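Notes follow once the structure below has been shown.
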Amino acid sequence: MQVKVTVFKDYDEMSRAAADFVIDLIKANPQGVLGLATGSTPEGTYAEILRRKDELPDLSGLRTVNLDEYLGLAADHPQSYHYFMRKKLFDGLGLKPEQSFFPDGSNADPEAAHAAVIAYEHKLLELGAPFLQILGIGENGHIGFNEPASQFNTRTHVVNLSESTIQANSRFFNSADEVPKQAITMGVLTLMQASRILMLASGEKKAKALKGMIEGLVEPELPASILQMHENVNVFADEAAASLLSK
Ligand code: F6R
């Protein structure tokens with residue numbers, strides 16, 4: 001199956017359409033598992049979902065899983081992905097902490113990190129495949145924190161963040177020095193298990209990676225290209241991110 005691409009005029013239009021898409025799938029799967037991403041790109045989608053929360057069914061049976069978490073940040077650290085999700089979505093939806101799952105990045109000690117990796121992979125197996133996984137794309141083509149040259153057959157693991165990811169994410173910190181150098185991420189194999197994938201891409205900085213992902217070879221140098229092998233992928237992009245696509 002080919003990746004289905006829809007291009008929107010701008011970020012706001014893309015975010016409204018993405019919220020529509022996610023709300024419909026939550027309505028169809030209120031007891032299911034929803035896979036979420038952090039970063040700037042889905043923020044508009046989450047805000048729109050919150051604005052329309054009256055349309056949502058009872059969410060007490062919904063479970064959420066997140067792609068990744070920095071290693072060495074406690075869950076209540078303002079730059080942790082736990083904290084981001086709580087502020088941008090979970091509190092507004094009234095989700096209880098026990099409904100949402102993340103890799104535990106609070107202890108960067110290698111043994112503790114290894115235990116957190118195993119625990120998260122087990123939790124994901126126990127929960128079962130998400131009915132939808134939302135993804136963003138890194139400027140270097142990463143998905144989750146699966147950086148270029150990652151293996152495709154990986155499950156949850158610890159990664160060393162690439163210099164380009166550290167630089168890109170430094171905008172959320174006081175300086176690049178404060179950005180953790182490692183993270184725990186779902187592996188490529190793990191995130192490919194979702195029944196559907198919605199990739200969001202906005203801005204011209206993403207145009208090259210998006211073109212490679214959709215029109216290039218499937219290769220570890222561009223981790224997102226593996227999505228060509230998934231049977232149910234939608235890409236929602238704004239015109240700037242889609243500007244290099246050939247049609
Ligand atoms: C976030 C994640 C990353 C981001 C990607 C794009 O949980 O796993 O892969 O989706 O880095 O980030 P933004 O949206 O900030 O450009």
Side-chain angles (χ1 to χ4, degrees), residues 10-12 14-15 18 22 34-48 64-71 73 75 77 79-90 100-105 120 124 130 132-150 154-173 176 179-192 194 197-210 212-213 222-227 233-238 240-242:
D10 56 23
Y11 177 76
D12 290 346
M14 178 193 80
S15 300
V22 178
L34 173 61
L36 298 166
T38 58
S40 318
T41 316
E43 279 194 51
T45 305
Y46 297 155
E48 185 65 12
T64 69
V65 294
N66 263 78
L67 286 170
D68 41 22
E69 179 58 284
Y70 287 120
L71 203 46
L73 296 189
H77 187 287
Q79 298 310 335
S80 79
Y81 288 169
H82 277 75
Y83 189 90
F84 174 101
M85 290 307 307
R86 191 131 288 294
K87 295 293 159 203
K88 303 288 177 187
L89 191 66
F90 299 161
S100 298
F101 302 93
F102 292 80
D104 178 3
Y120 197 53
L124 295 171
L132 174 69
Q133 175 66 56
I134 299 175
L135 293 180
I137 184 167
E139 289 168 36
N140 62 6
H142 72 211
I143 43 175
F145 275 135
N146 295 280
E147 298 282 27
S150 315
T154 52
R155 295 193 172 273
T156 302
H157 60 292
V158 173
V159 286
N160 297 321
L161 300 182
S162 71
E163 196 46 44
S164 84
T165 298
I166 291 172
Q167 289 305 328
N169 288 7
S170 64
R171 69 191 192 279
F172 300 115
F173 292 81
V179 183
K181 306 288 177 277
Q182 289 188 307
I184 298 178
T185 183
M186 280 189 200
V188 171
L189 209 61
T190 324
L191 63 87
M192 286 287 278
I197 289 180
L198 174 63
M199 148 90 52
L200 302 174
S202 166
E204 82 184 306
K205 283 187 175 165
K206 303 296 175 70
K208 193 160 164 261
L210 197 67
M213 170 199 149
L222 200 118
S225 64
I226 191 70
L227 298 176
V233 181
N234 284 83
V235 172
F236 283 9
D238 61 14

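In listed order, ligands and their atoms are each counted from 1. Note that the coordinates shown come from a computational prediction; the quantities given were computed from them, not determined experimentally. One is the number of the first residue; the rest follow in order along the sequence.
Scanning all protein heavy atoms for the shortest distance to atom 10 (O) of ligand 1 gives Gly136 CA, 3.3 Å. Among protein heavy atoms, the minimum distance from atom 5 (C) of ligand 1 is reached at His142 NE2, 3.4 Å. From the protein, the heavy atom lying nearest to atom 6 (C) of ligand 1 is Ile137 O, 3.4 Å.
Atom numbering of ligand 1 starts at 1 in the shown order; those under 4.0 Å from a heavy atom of Thr41 are 13 (P), 14 (O), 16 (O). The ligand atoms of ligand 1 that sit less than 4.0 angstrom from a heavy atom of Gly39 are 14 (O), 15 (O).
With rounding to the nearest 0.5 Å, the separation of CZ in Phe90 from CE in Met85 is 4.0 Å. With rounding to the nearest 0.5 Å, the separation of OG1 in Thr165 from CG in Asn140 is 4.5 Å.
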Tell me, with the steps shown, if Phe172 and Tyr70 meet ring-ring contact (aromatic ring centres under 6.0 Å, His included). CA-CA 13 Å; Phe172 300 115; Tyr70 287 120; 8.8 Å; no

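Within the 4.0 Å heavy-atom criterion, neither part of Asn169 lies near ligand 1. When heavy-atom distances to ligand 1 are checked against a 4.0 Å cut-off, Leu67 comes that close only through its side chain, counted from C-beta outward. In Met186, neither the side chain nor the backbone holds a heavy atom less than 4.0 Å from any atom of ligand 1.
With distances taken over non-hydrogen atoms, the option nearest atom 2 (C) of ligand 1 out of Leu191, Asp68, Thr38, Ile134 is Asp68.
For ligand 1, the polar-atom distance check against Lys206 finds a nitrogen or oxygen pair separated by under 3.5 Å. Ligand 1 has an N or O atom lying under 3.5 Å from an N or O atom of Gly144, backbone or side chain.
Nearest heavy atoms, Thr185 versus Phe145: OG1-N, 2.9 Å.
Annotation: Lys181, atom NZ; neighbour count of heavy atoms from other residues, nucleotides and ligands within 6.0 Å is above 12.
Between Leu73 and Pro180, the closest side-chain pair of non-hydrogen atoms falls below 4.5 Å.
Look at Met199 and you'll find every heavy atom at least 4.0 Å from all atoms of ligand 1.
For the pair Glu147 (side chain) and Leu161 (backbone), a donor-acceptor distance under 3.5 Å is absent.
Considering only residues two or more places apart in sequence or on other chains, Asp238 meets the side chain to side chain donor-acceptor pair (under 3.5 Å) condition with Ser202.
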